[in-house]
2 protein chains.
Amino acid sequence: MPHRADSLDTIQRELTAFARRARAAAAQLHPELSLVSYTLLAHLQDQRGCRATDLAAHYLLDKSTVSRQIAALERLGFVERRTDPDDQRVQVLHLTDRGTAVLDQVAASRRIAFEERLADWDEDDLARFASYLLRYNASAATRD
Amino acid sequence: MPHRADSLDTIQRELTAFARRARAAAAQLHPELSLVSYTLLAHLQDQRGCRATDLAAHYLLDKSTVSRQIAALERLGFVERRTDPDDQRVQVLHLTDRGTAVLDQVAASRRIAFEERLADWDEDDLARFASYLLRYNASAATRD
DNA sequence: CGCTTTGGTTGTATAGTACAACTGGATAGA
DNA sequence: TCTATCCAGTTGTACTATACAACCAAAGCG
């Protein structure tokens, strides 16, 4: 059993290496939706609509970055804005049908890729890995 | 116990969310070394020197990207090139003392951040999380 | 020796991103 | 109620990371 410090170093190194490859891997896997577009759309689907500010906070992005990304996704017809009647400043973002369609398609290819990569993992390990990731990200969310 | 498909979806979602935040998190944590610079230097340290081509392959980057990154790191005095006497085409890259120093310092702040984030994990969970990440990345390395 | 492969650089174009300045709506304290 | 402040979002600007293609030089092979 490795020591705490070794495990920490491994976790740090492997998570970082993964992050470094993720953008390129996404570009290969689904050229029609970049990693950032994919995550924004997925969040919109998950939350059933949200504000640009929420996206920026969740993904540690500047609001101007989100503004431009959303503008691009709107031009593509993937999202639409609905001004919140209770607060005229707020634009609640929603997936359009087209957005849902392209997101579902991309999510499907990602799922296949992950299934392949994790094909020889047994169910218990998968469940435990998933719970570790949830726990890890939950702690990041409260701090950052 | 969740089903296999649920675990896969969670893993996919959480890894992706992590990747999306990693760049910004790195920029906040250590402004003096971007995520990509950090990973390249760390790989150099790990491997005790390697070729630009190896870096490109490992991180799914174009060789021109690596070429420019290395040129920048060389200007900063963090890496040096030593032409391989057995093959005049090859430039073996090495950390300089300055590169080692800055990398160690950045690695230390990262280690602290990860320690904090994982403070309430017990040793067994850490070890298991680390081994899962190793296993996951190993499978990615053979394919991509 | 010429052809192909390999490692690397440079030209060029684009996407992603941040920061600062701004606009317009909301809100709270005088 | 007026004004100062805050909040959501956009736009101007600049820079970094990145890819792709064209290129160069050395190596290896027939």
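Letters go in sequence order (proteins before strands), and every chain restarts at 1.
No cation-pi contact links B/Arg135 to A/Phe129, judged by a cut-off of 6.0 Å to the six-membered ring centre and 45° from its axis.
In the helix from C/dC1-D/dG30 to C/dA30-D/dT1, the terminal helix axes, each the rotation mapping four pairs' C1' atoms onto the next four within five end pairs, subtend 10°, rounded to 10°.
With contacts defined as side-chain heavy-atom distances shorter than 4.5 Å, the pair A/Leu55/A/Leu93 qualifies. Two residues are said to be in side-chain contact when any heavy atoms from C-beta on lie closer than 4.5 Å; B/Leu15 and A/Leu133 meet this criterion.
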(request) Sugar-phosphate means primed atoms, P, OP1 and OP2; the rest is base. With that split, encode nucleotides 16-22 of chain D 5' to 3' as B, S or - using protein heavy atoms under 4.0 Å. (result) -SSBBB-
(request) Give the B/S/- string for nucleotides 24-30 of chain D, one per nucleotide from 5' to 3', where a protein heavy atom under 4.0 Å of the base yields B, of only the sugar-phosphate yields S, and otherwise -. (result) --BS---
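Taking the side chain to side chain contact (heavy atoms under 4.5 Å, CB included) definition, one finds that A/Arg89 meets it with A/Asp87, sequence neighbours left out. Qualifying salt bridge (Lys or Arg N to Asp or Glu O under 4.0 Å) partners for B/Arg82, counting only residues two or more places apart in sequence or in other chains: B/Glu80. By the side-chain hydrogen bond (donor to acceptor under 3.5 Å, both in side chains) test, B/Ser131 pairs with no residue at all, sequence neighbours left out.
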Please tabulate, one pair per line, all N/O donor-acceptor pairs under 3.5 Å involving side-chain atoms of residues 69-79 of chain B, not counting sequence neighbours.
residue	atom	partner	partner atom	Å
B/Glu74	OE1	B/Arg81	NE	2.8
B/Glu74	OE1	B/Arg81	NH2	3.2
B/Glu74	OE2	B/Arg81	NE	3.1

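Other members of the cluster containing A/Leu35 do not exist, because no ILVMFWY side chain is joined to it at under 4.5 Å.
When rounded to the nearest whole Å, the span between CD of A/Gln91 and C1' of C/dG25 equals 12 Å. If you measure from atom CG of A/Leu55 to atom C1' of C/dT17, you get 15 Å, rounded to the nearest angstrom. One atom, CG of B/Asp84, and another, P of C/dT6, lie 17 Å apart when rounded to the nearest Å.
Aromatic ring centroids of B/Trp121 and A/Tyr136 lie 6.0 Å or more apart.
Taken together through direct or relayed side-chain contacts under 4.5 Å among Ile, Leu, Val, Met, Phe, Trp and Tyr, A/Leu40 and A/Val90 form parts of separate hydrophobic clusters. A/Leu95 and A/Leu33 fall within the same hydrophobic cluster, defined by Ile, Leu, Val, Met, Phe, Trp and Tyr side-chain heavy atoms under 4.5 Å apart, directly or through other members.
Side-chain atoms of A/Asn137 come within 3.5 Å of backbone atoms of B/Glu14 as a donor-acceptor pair (strictly under, hydrogens ignored).
Listed by first and then second residue, the salt bridge (charged side-chain N to carboxylate O under 4.0 Å, His left out) pairs involving residues 32-53 of chain A are A/Arg51-A/Asp54 (not counting sequence neighbours). Sorted by first and then second residue, the salt bridge (charged side-chain N to carboxylate O under 4.0 Å, His left out) pairs with a member in residues 58-72 of chain B form an empty list; sequence neighbours excluded.
Distance check, rounded to the nearest 0.5 Å: NE2 of A/His58 to OG1 of A/Thr39 gives 9.0 Å.
Taking every heavy atom of residues 72-81 of chain B and every atom of DNA chain D, no pair lies under 4.0 Å. Residues from residues 47-54 of chain A that place a heavy atom under 4.0 Å from any atom of DNA chain D, listed by number: A/Arg51, A/Ala52, A/Thr53.
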